[in-house]
Structures are given as structure tokens and as C-alpha cells.
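What follows is a single structure, written as C-alpha cells, with notes after it.
Everything numeric in this text was worked out from a predicted model, so none of it was measured. We name chains A, B, ... by the order of the sequence lines, and we start the count at 1 in each one.
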Number of protein chains: 2
Amino acid sequence: MTTMTERTTTPADRPALGLRERKKIKTREAIRTATYGLIGEQGYDATTIEQIAERAEVSPSTVFRYFPTKEDIVLTDEYDPLIMEELRSRPADEPWPDSLRYVMHRATQLGADEDPEVSRLRTRLMVEVPAVRSRMMQSMSSTGRMLCQAIAERTGRDPEGLEVRVYAMSLIGGLMETSLYWAENGHREDFQALLDRTLDVLQHGLGTEKN
Amino acid sequence: MTTMTERTTTPADRPALGLRERKKIKTREAIRTATYGLIGEQGYDATTIEQIAERAEVSPSTVFRYFPTKEDIVLTDEYDPLIMEELRSRPADEPWPDSLRYVMHRATQLGADEDPEVSRLRTRLMVEVPAVRSRMMQSMSSTGRMLCQAIAERTGRDPEGLEVRVYAMSLIGGLMETSLYWAENGHREDFQALLDRTLDVLQHGLGTEKN
DNA sequence: CCATGAAATGAGAGTAGCTGTCAAAAGAGG
DNA sequence: CCTCTTTTGACAGCTACTCTCATTTCATGG
């Protein structure tokens, strides 16, 4: 227990990570960068783990140690915890739809902060490579669990109850489709705008607007 | 062109399929039966294509000719077209939520008609085997497309529009979660009842009911 | 009934993702 | 500098899946 904050001989606010940790992070990024590069050059299927290992200057074994599957190399997904935290820090009396909208906006801002190229490549792969989409959907399940938890906290319901679970998954399904839509249309439209339209549909169903 | 209704020397209304077609159907079922049996005995992962081929008395090559992936052997999914047809045949002036509810009820009846053992094995595998769940979710996408089409026909919207697509996928996500919920709880509760609760949530959101 | 053409099958080799083991190398701590 | 632990690399192995090609099986027309 008690991660860090213990024996930080370096008084600076720097990470204070050991050489080992730093190397691990570097290896992780080397693998990801190599993967993005190779996929960009030759496509997803044509890119083998061996090639990735070679370009990242590690052994194939190491690649598997860092990422359980090839799809996981491109699907980072480190946002969920951030989103959860953001959600929890919203005022308790704020209407739920408002909280949701606010947090989703924040999340897309975070997404835009990182290299937009990467974020687009990722969504493009979601559309084009079935395996990646599958993996993505799978990760949706765990995201759904967290959402259930958050909703349960806010509404005092059972996080394992059917209603909460159904609601969470329908939400995620809708949001997922928004990403696909965005990617399928060549990332032309403004994602935030799409998001707003999506949330409208999820709140009010298919209303009477034109299209 | 012109399938059958040509030279049906057998005046009976029987299928009038050639020996070849009949054999194909038999092979298909042999493979599925073998798969269900083996998985029931030893589990999904422990069951290899070779074993399936052996029990079905065909070659491994043939298994792959009939089913592109191992997961596809257990995921039949021949209901989509039926559901679509049922949906189309509803009176045009029926409110959309009512149509949806009616059709979903019909679908579960169809599902119960076939061997309930098989249907339960399938949902159980969805919960337990990630690969199967992934494949299932993937098939959801195509189901979603059909739903979009149906919704578009009913409401005069663009089937490719964001709103319709989001609505369809959120629906499918919710329904999917219902199946998972049902399987996770040992198929104890009445599926139709769960379905009704699900549709309530999808229509009205998380209302004010207790739980 | 047989010959011809087409379709289905089987056998085999090959690819790649992924798992496991084990010994060597590199960092951490005394 | 020595020891312990973690990380890595090399290797073997399994299995899903693909591709090719020869063989068998059904359909058809004479």
C-alpha cells in the first residue's frame, strides 16, 4: 500500500521515478509510436508484431508483455478514470443530463489535447478494422460498469439493477455510434456539435425535428 | 436467376431442394450440434476446430468453409430478417414505441421456440467468453443498420443521419445489456418481464420508480 | 447410362497472434 | 562489489485462420 509520497529524496516536484519505471514508460511509448507509424504506412493487418518489435527495438515477447493483444496497442483508453472523477466532482444538485453533457464536453477536450492525428487514426481503425472495433466495444462494457457506479451514486439506485445497467449501456451505445459517424464522414464535422445532437436524442428520443 | 419453381417434378409443396443443398444444410447442422456438445462438455476455449470437425465427421477445412470464425458457429442470428419483416408489417399509424414493444415480444417468443438449452448456452457464452461477446457486439452493428432502415422508413428520416443511428444503437445497447443481465443472473427471471422494464427505461429514461 | 462440367470436400502447407518457460541481462539496495 | 528482484529475449508450442490443389460428389445433356 501507500504508493510513493515516501522517501522522495528528490525535493523537486518531479516524478521521482526510478530508472526502471522510466524505461518502462519509454518502452511503452516506443511500441505505440512504432505501431502507429507502421499501420499508417502499410495498414493494420499487414503490420505484424514482429515488425512492431523490430522498429521499437524490443523483442516480440516484450510487446506482448506490454499489451495483451495487438488491438490494445492502438486503443489506449486512459480516460475512463478521469471522466469518472469529473463526474463525481459535479454538484450533487445538478440535473443528471446537465452533468453528463458537461463531462462529455470536457472529455472531448482532453481527447483533442493529445495528437489529433492519433485520435483520428484510432477512430478510423475502429471503422475499418473489425478486430479493433470489437476490442473497442469490449472496453465499452467496462466503461459501462463505471457509468453504472456513477449513476448509482447519484440516484441512489442499485448499480447492478437492470434499469441502471440498461440506461448506461444505451448511453454508451449512442456515444459510440457518434464516434463511428464522425470517423465515417472523414472527421469533417465538429465533434462537439455531434455530441450535443447525440445527447439530445438520448434524452428526448427521436423528437420532431426535421432530420 | 429464377430460383426453383422450374421443373419441380415433385408436385408436392415440399422444398424440392437438390441433394447438394440438403447435404449442405445437414453438414451445417452437424457442425453446430457438434460444437454445442463439445462446448457443453469441455468449455469454449478447450474446444478446438479439429475436435469439432472430427465429431461432425468433416474436415477442418470444411468447418471454416461453413463458418468464418469459431464464434460464428455458436452465434446463429437468423432472426434479424424476421424481425425486420415483422416490423414492416405493423400498421403505419401505430406509435413507434408500441411497434417496437410488440415486435420484441414476438422475437423472444421465436427464441423460446428453439431449443431453450441452446439459447441459454449462447447467452452464457456471451457472458463468459470475451471472444463470443465481441463477435456478438459486432453483429449488433449490422442489426443496428437494419434498425436504422426500419426507423427511417417509419419516420421519413435519413437512415444515415446521426440522430437515427444514435437512437438505433442506444436501443441495441440497452437490449444487449438485458440479455447479459438475464444470463448473469442464471436465466432465473422472466425474460419478457425484463424486456418490458428495459423498454420503459429506453422510452422514459431513469424515471422515478424505486429501483 | 455415360460423359462432361461444376461444385463441394479433403489434405497439406503456411501465416500470425498469443502463451508459456527458462536463462541471461539490467536495475535496486546493502 | 555482491546479492536479490525485475525485466527482457530466445525459443518452443498451440491454435485460429488462409490458400492452394487434387479428389470426390452431384448435376446435366446426350
Side-chain angles (χ1 to χ4, degrees), chain A residues 4 6-10 15-31 34-35 38-39 42-75 125 129-132 134-135 138, chain B residues 2-4 6-10 15-31 34-35 38-39 42-75 125 129-132 134-135 138:
Chain A
M4 42 204 83
E6 191 173 50
R7 240 173 156 277
T8 56
T9 10
T10 58
L17 293 172
L19 177 55
R20 237 168 205 165
E21 317 282 322
R22 271 176 289 156
K23 260 201 154 176
K24 266 167 92 168
I25 294 177
K26 265 178 66 178
T27 308
R28 218 182 151 76
E29 295 217 356
I31 294 174
T35 306
L38 285 166
I39 289 181
Q42 355 167 318
Y44 182 84
D45 287 327
T47 301
T48 73
I49 299 284
E50 249 181 285
Q51 294 174 332
I52 294 171
E54 194 180 351
R55 181 172 295 198
E57 299 187 84
V58 294
S59 79
S61 322
T62 302
V63 176
F64 285 116
R65 260 195 269 283
Y66 279 80
F67 300 94
T69 73
K70 188 175 158 188
E71 298 95 58
D72 281 298
I73 306 180
V74 326
L75 294 175
L125 289 176
V129 183
V132 173
S134 285
R135 196 74 188 74
Q138 211 168 327
Chain B
T2 76
T3 54
M4 47 205 81
E6 193 172 47
R7 244 177 153 274
T8 55
T9 9
T10 57
L17 292 173
L19 176 54
R20 233 164 206 169
E21 315 284 319
R22 270 177 289 157
K23 261 201 155 178
K24 266 167 92 168
I25 294 176
K26 265 177 68 178
T27 308
R28 218 182 152 76
E29 294 217 356
I31 294 174
T35 306
L38 284 166
I39 289 181
Q42 356 167 316
Y44 183 84
D45 288 326
T47 301
T48 73
I49 300 284
E50 246 179 291
Q51 294 172 334
I52 293 171
E54 193 179 353
R55 182 171 295 198
E57 298 186 87
V58 294
S59 80
S61 320
T62 302
V63 175
F64 285 116
R65 265 198 209 69
Y66 278 80
F67 299 94
T69 73
K70 188 175 158 187
E71 298 95 56
D72 282 299
I73 307 179
V74 325
L75 294 175
L125 289 176
V129 184
V132 173
S134 285
R135 196 74 188 74
Q138 212 168 325

Inter-residue atom distance [X].[atom1] - [Y].[atom2], 0.5 Å rounding:
| X | Y | atom1 | atom2 | answer |
| --- | --- | --- | --- | --- |
| E50(A) | S59(A) | CD | OG | 10.5 Å |
| F67(A) | L75(A) | CZ | CG | 10.5 Å |
| T69(A) | E71(A) | OG1 | CD | 4.0 Å |

Restricting both atoms to N or O, compile the protein contacts to nucleotides 13-20 of chain D shorter than 3.5 Å, with distance only.
residue : atom : partner : partner atom : Å
dA16(D) : OP1  : K70(B)  : NZ           : 3.3
dA16(D) : OP2  : I49(B)  : N            : 3.3
dC17(D) : OP2  : K70(B)  : N            : 2.8

*Toward the 5' end of DNA chain C, which comes first, R22(A) or E21(B), by nearest nucleotide?*
E21(B)
_Trace of the side-chain contact (heavy atoms from CB on, under 4.5 Å) decision for V63(A) with I73(A)_ = CA-CA 9 Å; V63(A) 176; I73(A) 306 180; 4.1 Å; yes
Side chain to side chain contact (heavy atoms under 4.5 Å, CB included) partners for [X], two or more places apart:
| X | answer |
| --- | --- |
| I25(B) | L17(B) |
| Y66(B) | K24(B), T27(B), R28(B), I31(B), T62(B) |
| T47(B) | L38(B), I39(B), Q42(B), Q51(B), I52(B) |
| Q138(B) | P130(A), S134(A), R135(B) |

*By salt bridge (Lys or Arg N to Asp or Glu O under 4.0 Å) - contacts of R65(A) (at least two apart)*: none
*With sequence neighbours left out, what residues match R22(A) under salt bridge (Lys or Arg N to Asp or Glu O under 4.0 Å)?*
none
Distance in angstrom units between [X] [atom1] and [N] [atom2], rounded:
| X | N | atom1 | atom2 | value |
| --- | --- | --- | --- | --- |
| I73(A) | dC18(C) | CD1 | C1' | 12 Å |
| L38(A) | dA16(C) | CG | P | 14 Å |
| I52(A) | dG9(D) | CD1 | P | 15 Å |
| I31(A) | dT7(D) | CD1 | P | 14 Å |
| E54(A) | dA10(D) | CD | P | 12 Å |

What are the atom names and distances for every N/O pair under 3.5 Å that joins the protein to nucleotides 3-7 of chain C?
none

*Would you classify Y66(B) as touching base, sugar-phosphate or nothing, given that sugar-phosphate means primed atoms plus P, OP1 and OP2, and contacts are heavy atoms under 4.0 Å?*
sugar-phosphate
*Closest to the T62(A) side chain, choosing from dT9(C), dG9(D), dA26(C)*: dG9(D)
Hey, what are the protein-to-nucleotides 28-30 of chain D N/O distances that come in under 3.5 Å?
none

*asked:* Between the opening five pairs and the closing five pairs of the helix from dC1(C)-dG30(D) to dG30(C)-dC1(D), how far apart are the helix axes, to 10°?
replied: 10°
_Heavy-atom count check: over 12 atoms from other residues, nucleotides or ligands less than 6.0 Å from E21(B) CD?_
yes
*asked:* Could you work out, with side chain to side chain donor-acceptor pair (under 3.5 Å) as the rule, every residue matching R20(A), not counting sequence neighbours?
replied: none
*Taking all non-hydrogen atoms of both residues into account, name the closest pair between K70(B) and Y44(B) and its distance.*
NZ-O, 3.1 Å
